[in-house]
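So that the names make sense, note that chain A is the first sequence line, chain B the second, and so on, each numbered from 1.
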Amino acid sequence: MISAIRGTRDILPGEVERWQHLEAIARQVCERYGCAEVRTPVIEREELFEKGTGQATDIVQKEMYSFTDKGGERVTLRPEATPSLVRAYLEHNLEQAMGVPKIYSIGPMFRYERPQKGRYRQFHQLDVEVFGIKDPMVDADVIDLAWRLVQELGIQGVELIINSVGCRRCRPVFNAALLAALGDDLPRLCADCQRRAATNPLRIFDCKVPADQPIIDALPHSADYLCEECRTHFDAVRRHLQTLNIPFRPSHRLVRGLDYYTRTTFEILASSLGAQNALLGGGRYDGLVKELGGPDRVGIGFAAGLERLVLAMPEDAGVPTPLVVFVAAMGDAARDVALVLVRDLRRAGFRAEIDYEGRSIKAQFKRADRLGATHVLVLGDAELADGTVTIKDMRTGQQAPVRRQEVFALLKEAEGAA
RNA sequence: GUGAGUGUAGCUCAAGGGCAGAGCGCCGGACUGUGGCUCCGGAGGUUGCGGGUUCGAGACCCGUCACUCACCCCA
């Protein structure tokens, strides 16, 4: 038997309704905040991610699905959407076309990692990006969108954390301060931390090794080393969040893994999720557009993991309870009438089902019950003779004969009551 | 890439060297025009895959694949 490949999975009825609900809410929230949907290819030139996501990141160094196509082109299944969206923004000059480009995108991403709870090789993200606005108000507005999304999905036990990682000017100063403060303690940290000290000192804050914590707790905070402009910006973001009444926790240990982040970074964490507890994360990337060959334009955005949102959503999310009508027939003549009746019910907008196999009336009722039918319409010799249909409300168990034309109006009424 | 745990019916799990089982679900019947509750019957298995030990392996050993969780990293 051929199975789905590692880290990929099928989403089946019973779960797919949660996804449909999530996607509907996501689109609705994004569009209310003025974002327009953009769909980009899942496959791009490899160099887009090497330049965009960054050579220093784990994603580029070891997680990309890259190969040479039959034309000799180096291509990659996108590991994240932001570089693609920046490319589309530049390629189609969305700055001119849209004024303030606020866009969102939903789709699959691919990373070659060991799967675990909330982490897959093919996973799905909602991305929101806003280009060209430097004012910190946009940071707060994007965070507000993210917070709104999580609220409307009914997810409990969430926490927003924010930080500022500075800019090209002040970050090197902080990195130097970090290494200076570490001093003689560096050899006492774990092997991962020693590696991080050389490649990206900021990431030492990600360490979870218990023995390292006292040393790390004593390190300086990036927020205390911001340049004048970055500090003013960060203060304004926090003030706006307070104005919006969004609870947040400044976390000097929030350091994001992608090379392009500047100034504001944020994550929303869910307590129910396990080790991979970030529902969404993002921040500013003021140098990325230029890095990818465009004009000097700032940007801010976030990516939300749909698998993680689905995991964190309440049990009963996305289960609508519309009417389900089952047409039961006895005898060949009745089956013909029943076939037309289900067709007409569906045309009238109802969810309607029929038994295809001419089974016993009992079996048909059993199936109706299993399907969660709210109503069963019975067609037998008696009903055929006088042009009626017996309608049974499966929830109350009551039934009555009705003239066949009146059944639509009756069901519409029941639908309104529900 | 590293570590640990787990792979038996559609699902959840028993059987720990000696006949592959239960509950739920599914199909049918009791109830020849009525679901849920109850009772009865039935279908459904290459015990993940390959090798080895043994008179005999679902079980023990080796390998492999998959799943789960964690590390790493991130959504």
Side-chain angles (χ1 to χ4, degrees), chain A residues 1-9 12 14 53 56-63 78-82 106-128 146 150 190-193 195-196 200 203 206-209 254-258 261 266-270 273-282 301-312 326 328-331 334 355 357 359-384 390-399 401:
Chain A
M1 191 175 52
I2 299 171
S3 58
I5 69 178
R6 176 167 228 182
T8 71
R9 57 191 221 101
L12 302 175
T53 306
T57 62
D58 280 31
I59 289 176
V60 171
Q61 282 185 2
K62 52 188 195 194
E63 295 175 4
R78 63 180 180 195
E80 59 144 349
T82 302
I106 296 176
M109 308 294 154
F110 304 84
R111 290 183 201 171
Y112 193 86
E113 296 184 276
R114 257 321 249 285
Q116 71 184 77
K117 186 180 175 102
R119 194 175 76 180
Y120 305 93
R121 289 186 175 177
Q122 177 178 336
F123 60 104
H124 299 77
Q125 286 186 335
L126 160 68
D127 269 76
V128 172
V150 168
C190 68
D192 281 329
C193 282
R195 183 173 48 76
R196 290 175 182 128
N200 188 351
R203 302 212 54 107
D206 270 345
C207 181
K208 290 166 198 153
V209 176
L254 170 59
V255 182
R256 312 216 73 249
L258 306 185
Y261 284 114
F266 63 96
E267 282 184 6
I268 293 181
L269 311 177
L273 237 44
Q276 308 300 322
N277 66 345
L279 286 173
L280 58 88
F302 70 86
L306 302 195
E307 279 78 4
R308 293 179 187 181
L309 289 171
V310 166
L311 273 174
F326 191 92
M330 282 164 291
D355 174 66
E357 298 168 293
R359 298 189 301 164
S360 70
I361 186 70
K362 184 179 194 63
Q364 295 185 56
F365 262 91
K366 258 188 131 127
R367 175 134 181 271
D369 189 55
R370 177 117 210 282
L371 289 171
T374 51
H375 296 81
V376 174
L377 305 183
V378 183
L379 280 165
D381 292 342
E383 288 85 354
L384 237 45
T390 297
I391 179 167
K392 176 168 182 174
D393 187 324
M394 296 292 275
R395 297 163 298 191
T396 63
Q398 296 193 325
Q399 66 178 47

* To do: For B:U47 versus B:C55, give the span between their P atoms, rounded off to a whole number of Å.
  => 23 Å
* Output all residues satisfying side chain to side chain donor-acceptor pair (under 3.5 Å) with A:Asp58, sequence neighbours left out; order by chain, then residue number. => A:Lys62
* **Note, A:Ile106 side chain near A:Leu306 side chain (heavy atom, < 4.5 Å)** => yes
* Just how far, in rounded Å, is P of B:A75 from CZ of A:Arg78? -> 14 Å
* To do: Would you sort out whether A:Tyr261 and A:Val255 count as a side-chain contact (heavy atoms from CB on, under 4.5 Å), showing the intermediate values?
  => CA-CA 9 Å; A:Tyr261 284 114; A:Val255 182; over 6 Å; no
* Heavy-atom closest contact (A:Gly7 atom, A:Tyr120 atom, distance) -> O-CB, 3.3 Å
* Structure fact -> Per-nucleotide protein contact along nucleotides 39-50 of chain B, 5' to 3', at a 4.0 Å heavy-atom cut-off (B base, S sugar-phosphate only, - neither), is ------------
* To do: For B:U12 and B:G50, measure between their P atoms and round to the nearest Å.
  => 23 Å
* Just checking A:Phe326: base, sugar-phosphate only, or nothing, at a heavy-atom cut-off of under 4.0 Å? -> nothing
* Distance between the C1' atoms of B:C19 and B:U38, in whole angstroms? -> 32 Å
* **Any residue meeting salt bridge (Lys or Arg N to Asp or Glu O under 4.0 Å) with A:Asp393, in chain and number order, not counting sequence neighbours** => A:Arg395
* To do: Compare every heavy atom of A:Pro108 with every heavy atom of A:Arg78, then report the nearest pair and how far apart it is.
  => NE-O, 2.8 Å
* Could you measure between the two C1' atoms, the one in B:U34 and the one in B:G21, and give it in whole Å? => 36 Å
* What does A:Leu126 touch in the nucleic acid at a heavy-atom separation under 4.0 angstrom: a base, only the sugar-phosphate, or nothing? -> nothing
* Is there side-chain contact between A:Gln61 and A:Glu63, with at least one heavy-atom pair below 4.5 Å? -> no
* To do: To the nearest Å, give me how far apart CZ (A:Arg256) and C1' (B:C72) are.
  => 16 Å
* To do: Could you pick out which residue, A:Gln125 or A:Gly274, lies toward the 5' side of RNA chain B when each is mapped onto its nearest nucleotide?
  => A:Gly274
* Starting at the 5' end of nucleotides 31-37 of chain B, put B wherever the base has a protein heavy atom under 4.0 Å, S where only the sugar-phosphate does, and a dash everywhere else. => B-BBBB-
* **Which residues share a salt bridge (Lys or Arg N to Asp or Glu O under 4.0 Å) with A:Lys366, sequence neighbours left out** => none
* To do: Find the distance A:Tyr120:OH to B:C73:P and express it as a whole number of Å.
  => 21 Å
Restricting to nitrogen or oxygen on both sides, can you table the protein-nucleotides 1-7 of chain B pairs closer than 3.5 Å?
{"residue": "B:U2", "atom": "O4", "partner": "A:Arg114", "partner atom": "NH1", "Å": "2.7"}
{"residue": "B:G3", "atom": "O6", "partner": "A:Arg114", "partner atom": "NH2", "Å": "3.3"}

* **Span that lies between the C1' atom of B:A22 and that of B:A15, in whole angstrom** => 10 Å
* Any side-chain N or O of A:Arg6 less than 4.0 Å from the OP1 or OP2 oxygen of B:C67? -> yes
* Asked: The side chain of A:Gln276 lies closest to which of these nucleotides: B:C73, B:G29, B:U68?
  -> B:C73
* Which is true for A:Gly331 with a 4.0 Å heavy-atom rule: it touches a base, it touches only sugar-phosphate, or it touches nothing? -> nothing
* Check salt bridge (Lys or Arg N to Asp or Glu O under 4.0 Å) between A:Arg195 and all other residues, then give those that pass, not counting sequence neighbours. => A:Asp192
* Do the side-chain N or O atoms of A:Arg9 get closer than 4.0 angstrom to the phosphate oxygens (OP1, OP2) of B:C67? -> no
* To do: Take A:Val150 and A:Leu280 through the side-chain contact (heavy atoms from CB on, under 4.5 Å) test and state the conclusion after the steps.
  => CA-CA 9 Å; A:Val150 168; A:Leu280 58 88; 4.0 Å; yes
* Structure fact -> Sorted by position of nearest nucleotide on RNA chain B, 5' first, the leading residue of A:Lys117 and A:Ser3 is A:Ser3
* Structure fact -> Separation of B:A75 atom P from A:Phe266 atom CZ, nearest Å, is 11 Å
* Asked: Applying side chain to side chain donor-acceptor pair (under 3.5 Å), which residue pairs with at least one partner in residues 373-383 of chain A are found, sequence neighbours left out?
  -> A:Glu383-A:Thr390
* Structure fact -> All heavy atoms of A:Gln276 vs all of A:Lys117, minimum pair found to be CG-O, 3.3 Å
* Asked: Mind checking what makes salt bridge (Lys or Arg N to Asp or Glu O under 4.0 Å) contact with A:Glu113, not counting sequence neighbours?
  -> A:Arg119
* Asked: Do A:Gln116 side-chain and B:C72 base share a donor-acceptor contact under 3.5 Å?
  -> yes
* Asked: Starting at CD of A:Glu357 and ending at C1' of B:G28, how long is that distance when rounded to a whole Å?
  -> 13 Å
* Quote, to the nearest angstrom, the C1' distance that separates B:A59 from B:G42. => 30 Å
* Taking side chain to side chain donor-acceptor pair (under 3.5 Å) as the test, write out the residues that go with A:Arg6, two or more places apart. => none
* To do: Rounded to whole angstrom, note down the P distance from B:U32 over to B:G18.
  => 48 Å
* For B:U2 and B:C72, measure between their P atoms and round to the nearest Å. => 16 Å
* Describe the nucleic acid contact of A:Gly118 in one word from base, sugar-phosphate, nothing, applying a heavy-atom distance below 4.0 Å. => base
* **A:Leu258, nearest nucleotide to its side chain (from B:A75, B:C73, B:G29)** => B:A75
* Check A:Phe123 against A:Phe110 and note the closest heavy-atom contact, atom names and distance. => CE2-N, 4.2 Å
* Asked: Can you give the dot-bracket line for RNA chain B, using ( ) for pairs inside the strand, [ ] for pairs that cross earlier ones, | for pairs with another strand and . for unpaired bases, where Watson-Crick and G-U count if both distances are under 3.5 Å?
  -> (((((((..((((....[..)))).(((((.......))))).....(((((..]....))))))))))))....
* Let me know the distance between CZ of A:Phe302 and P of B:A75, rounded to the nearest Å. => 12 Å
* Check the distance between B:C69's C1' and A:Asn277's CG and give it to me in whole angstrom. => 15 Å
* With heavy atoms under 4.0 Å as the rule, sort A:Ala368 into base, sugar-phosphate or nothing. => nothing
* Which residues pass the side chain to side chain contact (heavy atoms under 4.5 Å, CB included) test with A:Ile361, sequence neighbours left out? -> A:Ala328, A:Met330, A:Phe365, A:Val378
